[in-house]
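Comments concern the structure below.
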Amino acid sequence: MATTACFIIVSRNDIPIYEAEVGSAAKREDAAQLHQFILHAALDIVQDLAWTTSAMYLKAIDRFNDLVVSVYVTAGHTRLMLLHDSRNDDGIKSFFQEVHELYIKILLNPLYLPGSRITSSHFDTKVRALARKYL
């Protein structure tokens with residue numbers, strides 16, 4: 001089954017620091033802009049929910065047609081957001097946890113400035129491999 005998935009990491013200052021289209025579905029011409037629009041529109045909901053719960057994984061917080069926005073909020077209020085059409089909650093949670101570990105490794109790099117774009121090809125390769133594994 002082909003899946004639609006768009007993954008984005010948003011810093012605590014609402015600046016996107018990493019973006020990836022990780023789904024296996026055929027790409028429409030305007031799909032990337034639509035996915036970004038849906039994810040950015042869900043940021044307000046994430047901000048409200050993040051202060052009302054101590055859970056890091058917020059599950060499905062928003063829907064658009066058949067697409068669902070799932071969010072994982074780190075302790076530093078960085079948001080890992082996934083737009084998807086699958087119903088695999090356990091796989092999505094595992095994906096977020098492993099990407100969070102990768103993000104922490106990036107933060108521990110003395111050459112990385114927190115809040116700046118993640119340009120590491122190693123990070124991108126690992127995220128895409130995790131998406132194939134769990135999503």
Nearest non-hydrogen partners of Arg117 and Pro16, listed with the distance: NH1-O, 2.8 Å
Under 3.5 Å: donor-acceptor pair, side chain of Asn109, backbone of Leu111: yes
Considering all heavy atoms of both residues, which atom of Ile92 and which atom of Ser70 are nearest to each other, and what is their separation? CG2-CB, 4.1 Å
Would you mind writing out the side-chain donor-acceptor pairs for residues 7-14 within the sub-3.5 Å range, not counting sequence neighbours?
| unit_1 | atom_1 | unit_2 | atom_2 | d |
| --- | --- | --- | --- | --- |
| Ser11 | OG | Asn13 | N | 3.3 |
| Ser11 | OG | Ile15 | N | 3.3 |
| Ser11 | OG | Ile15 | O | 3.3 |
| Asp14 | OD1 | Arg79 | NH1 | 3.4 |
| Asp14 | OD1 | Arg79 | NH2 | 2.5 |

How close do Ala131 and Val22 get, counting heavy atoms only, and between which atoms? CB-CB, 3.6 Å
Measuring from atom CD of Glu98 to atom CD of Glu101, what distance do you get when rounded to the nearest 0.5 angstrom? 6.0 Å
Please find the pair of heavy atoms, one from Tyr112 and one from Ile106, that lie closest to each other, and give the distance. CB-O, 3.5 Å
Which pair of non-hydrogen atoms, one from Ala75 and one from Met56, has the smallest distance, and what is that distance? N-CE, 3.6 Å
Where the side chain of Arg128 meets the backbone of Glu21, is there a donor-acceptor pair that is under 3.5 Å apart? yes
Taking the side chain as C-beta and beyond, is there a heavy-atom pair between Thr119 and Tyr18 under 4.5 Å? no
Could you tell me whether the side chain of Asp89 reaches within less than 4.5 Å of the side chain of Lys93, counting heavy atoms only? no
NZ of Lys59 to CD1 of Ile61: how many Å apart, nearest 0.5 Å? 14.0 Å
Closest heavy-atom contact between Leu39 and Met81? O-CE, 3.2 Å
Heavy-atom distance under 4.5 Å between the side chains of Leu58 and Phe96, does that happen here? no
For the backbone of Asp90 and the side chain of Ser94, can you confirm whether one donor and one acceptor N or O come within less than 3.5 Å of each other? yes
Enter the distance from Phe37:CZ to Leu83:CG here, rounded to the nearest 0.5 Å. 12.5 Å
Only one of Val68, Leu135, Val69 clears side-chain contact (heavy atoms from CB on, under 4.5 Å) with Leu82; which? Leu135
Any side-chain heavy-atom pair from Val127 and Phe95 closer than 4.5 angstrom? yes
Under the 3.5 angstrom rule, does the side chain of Asn88 hit a backbone N or O of Tyr134 as a donor-acceptor pair? yes
Verify the cluster assignment for Tyr72 and Phe123: are they in a single hydrophobic cluster under the rule of side-chain heavy atoms below 4.5 Å apart? yes
Taking the side chain as everything from C-beta on, heavy atoms only, tell me whether Leu130 gets closer than 4.5 Å to Val99. yes
Show your working on side-chain contact (heavy atoms from CB on, under 4.5 Å) between Leu67 and His84 and close with a plain yes or no. CA-CA 5 Å; Leu67 299 173; His84 57 93; over 6 Å; no
In Å and rounded to the nearest 0.5 Å, what is the CG to SG distance from Leu34 to Cys6? 9.5 Å
Between side-chain atoms of residues 41-53 and protein atoms elsewhere (two or more places apart, or another chain), which donor-acceptor pairs fall under 3.5 Å?
| unit_1 | atom_1 | unit_2 | atom_2 | d |
| --- | --- | --- | --- | --- |
| Thr52 | OG1 | Leu49 | O | 2.9 |
| Thr53 | OG1 | Ala55 | N | 3.2 |

ILVMFWY cluster, Ile17 and Leu107 together (side-chain gap under 4.5 Å): yes
